[in-house]
Amino acid sequence: MMWTKRMKICLLTSVGICLLAVSCTKRPVPPEKPFRDEAAATGLRFRHQPGAQGKFHLPEIMGSGVALCDFDQDGDLDAFLIQGSPGSSNRFFRNELVPSGKLTFADATTSAGLTHEGIGMGAAIGDIDNDGRPDLLVTYLGRNVLYRNNGNGAFEDVTNEAIALPDRWSTSAAFFDYDRDGWQDLVILNYIEYSIATNQRCFAPTGELDYCTPRVYRPAVAHLFHNDRGSYREVPNAFSAALGPGLGVTVLDANDDGWPDLFVANDSMANHLWINRRDGTFAEEALAQGVAYGEDGVVKAGMGVALGDYDNDGREDLLVLNLMREGASLFRNVSSGNFTDASLATGLHAHTFQYTGFGAGFADFNRDGRLDLFLANGGVTRREEQRGQPYPFLEQNLLLTQETDGRFASAAVGEAAVSRGAAFGDVDNDGDVDVIVNVNNGEARLLINTMQPGNWLAVTASGPGLGLGRRVEVSAPGLPKQVRVIRSAFSYLSASPPVAWFGLAGANKVKIDSGLEATVNRVVRLR
């Protein structure tokens, strides 16, 4: 426990003597072991294979992601982990907590029809045909694949019949209803103009062969697809200047006009904020709204992204993870269309300066009513202190818990690794948020939350579309109003279940959207 001194003026006497009292107050810090890795014990056995052969092909170090969702809709979360080398297959693990009562995973890749091989990158979850079942898009270096959930525990590859997907180096993607017609559209980011045959040779300052930066290659363009009742057509000229090495994407209403916008984290280029013009096109306004660069005005290497109202003012704030020695960027939403960099003021810059961040998520991990952060870290160039080790890119993952003054306290999570995609959800159905991490050239982590504090509430939406984009407000006595948005697309190359999670401290009853009353410690499904 860390202690801080606080000086209090207690009394001003008639002779002008100011008496001061010194009190010691406890400053909360994250527990020493906030998570327990249960991957091996529960059967979630997956090792990412980057396919590295000493030629420093850039895709080797960049992937891969993970999708976490109740795909079979039996009441527990299943996991889809993406591989990263030619000839390797992604793996689908079915959660058997329901009905067995024990958290175990069974490899159901073959029976689910998810055996496509290739250099896999990311995943996105959406409802392409409005049947209320979560469908799955998987991005690759090469041919992307769209799977329709058949509802019988299996998926069907509908790529050829439903969509003409780009055959490029695609990264993150997001389903969202950009024209508000009730059908989920799709945006796919592409990284750079690249193929294995055109891989460039780059060198570290020491003269050693090393991975190139994206600046060596031409940036690529993003693609927007309109959903025509279950089939997709590309929207031409949707973005006025979409060139950029895009890695992270998320959907938000940046200007509070009720229409979904897009934020894109670009690697070594200015970030993009695509404002919905409501006519099928988007205007790039990142610079005008304060999210193109950090507060020093310097381009950073944006990777993972996350959204959350960390200061409980009713507006969602934006997190972007960057390269080592750049520090993460926390953009506080101060008004409609106006963000300011709060990285230094919250302590986030200092906590993240020595790391390269990828997977990221806001969640109230300790359920005290304030959003915390989980960051999945891993290097992309050799770390000098690890020189001579077989894979010198290892970094610690971090849990950043929010203190009462709006600053974050940091704790390392688990053994150092080369972490990439991270997905967030209640894997063991105990009411708190757990994390699955895909580790580059390593074993996947299933991080079960071991913190046991306050009450909670989870909110989902029934019917077509999985509730994606729905804003939920929860109020409880003694707590500020909490705002969450049901979303799946955030973090890095990953997809999380469409659930809004609320930590409620000691509150026993809540109001949802200023109307529906609910008891705590349960899942509420909205219509």
Side-chain angles (χ1 to χ4, degrees), residues 30-50 63-72 74-85 88-98 100-110 112 114 120 122-123 125 138 304 358-361 363 365 374-378 391 393-399 411-451 491-497:
E32 183 178 350
K33 294 183 178 181
F35 297 93
R36 181 179 63 252
D37 185 1
E38 292 287 323
T42 59
L44 192 79
R45 297 182 179 274
F46 176 86
R47 182 175 182 84
H48 178 268
Q49 303 289 345
S64 301
V66 55
L68 183 64
C69 190
D70 186 5
F71 287 106
D72 54 8
D74 65 349
D76 52 32
L77 298 177
D78 312 301
F80 177 74
L81 286 141
I82 300 174
Q83 270 293 5
S85 60
S88 61
S89 172
N90 309 316
R91 309 309 297 175
F92 177 66
F93 294 89
R94 196 178 308 281
N95 190 342
E96 299 187 339
L97 177 62
V98 177
S100 72
K102 182 180 180 181
L103 180 61
T104 56
F105 288 89
D107 190 330
T109 308
T110 301
L114 297 172
I125 293 170
V138 187
F358 284 89
F365 291 104
F374 178 90
L375 309 182
N377 301 314
Y391 211 59
F393 311 104
L394 308 180
E395 295 184 357
Q396 291 283 168
N397 295 332
L398 297 178
L399 172 67
V413 176
E415 299 296 325
V418 189
S419 297
R420 292 296 183 252
F424 302 80
D426 185 5
V427 176
D428 54 356
N429 283 359
D430 67 348
D432 54 28
V433 178
D434 310 303
V435 189
I436 289 185
V437 181
N438 200 348
V439 175
N440 183 284
N441 195 35
E443 303 287 340
R445 309 277 176 89
L446 172 57
L447 303 178
I448 297 298
N449 190 334
T450 60
M451 294 178 275
S491 190
Y492 176 77
L493 303 178
S494 297
S496 294

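Please read all numbers here as calculations on a predicted model, not as lab measurements. Residue numbers start at 1 and run along the sequence shown. These numbers come from the heavy atoms of this one structure, side chains and all, not from hydrogens, waters or symmetry mates.
- No donor-acceptor pair under 3.5 Å is formed between the side chain of E415 and the backbone N or O of Q396.
- Side-chain contact between F105 and R45 is absent, with no heavy-atom pair separated by less than 4.5 Å.
- Nearest approach of G359 to S491, heavy atoms of both residues: CA-OG, 3.3 Å.
- Here the CG atom belonging to L44 is positioned 11.5 Å from the CZ atom belonging to R91, to the nearest 0.5 angstrom.
- The nearest pair of heavy atoms linking L68 to L77 is CD1-CB, 3.8 Å.
- Listed for the N449 side chain is a donor-acceptor partner under 3.5 Å among the backbone atoms of F365.
- In this structure, the side chains of L114 and N90 stay at 4.5 Å or more apart for every pair of heavy atoms.
- Closest non-hydrogen pair, I436 versus A79, comes out as CD1-CB, 3.8 Å.
- To the nearest 0.5 Å, the span separating CZ on R47 from CG on N441 amounts to 5.0 Å.
- Separating the OG atom in S494 from the CD1 atom in I82 is a distance of 7.0 Å, to the nearest 0.5 Å.
- Within the 3.5 Å criterion, the main-chain N or O of N438 finds no donor-acceptor partner in the side chain of S64.
- For the pair F71 and I125, the minimum side-chain heavy-atom distance is below 4.5 Å.
- Nearest heavy-atom pair, A416 versus L394, reported as atom, atom and distance to 0.1 Å: CB-CB, 4.0 Å.
- Distance check, rounded to the nearest 0.5 Å: CZ of R445 to CG of D434 gives 15.5 Å.
- For the atom pair NZ of K102 and CG of D428, the computed distance is 14.0 Å after rounding to the nearest 0.5 Å.
- Residues D78 and D70 meet the side-chain proximity criterion, which asks for heavy atoms closer than 4.5 Å.
- Under the 4.5 Å side-chain criterion, counting only non-hydrogen atoms from C-beta, L103 is in contact with N95.
- Between M451 and L399, the closest side-chain pair of non-hydrogen atoms falls below 4.5 Å.
- Judged by distance alone, the side chain of S496 and the main-chain N or O of A423 form no donor-acceptor pair under 3.5 Å.
- Considering all non-hydrogen atoms of both residues, D426 and G431 come closest at OD2-N, 2.7 Å.
- Put simply, the side chain of F80 reaches to within 4.5 Å of the side chain of V138, judged on heavy atoms.
- Summarising the geometry, atom OG1 belonging to T450 is positioned 7.5 Å from atom CZ belonging to F35; distances are rounded to the nearest 0.5 Å.
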Steps toward side-chain contact (heavy atoms from CB on, under 4.5 Å) verdict (V439, H48)
CA-CA 6 Å; V439 175; H48 178 268; 5.8 Å; no
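- The side-chain heavy atoms of F374 and L447, taken from C-beta on, include a pair separated by under 4.5 Å.
- Here the shortest heavy-atom pairing between A376 and R420 reads CB-O, 3.7 Å.
- The backbone N or O of G84 lies less than 3.5 Å from no partner atom in the side chain of N440, so there is not a single donor-acceptor pair.
- A donor-acceptor pair under 3.5 Å is formed between the side chain of Q83 and the backbone N or O of Q49.
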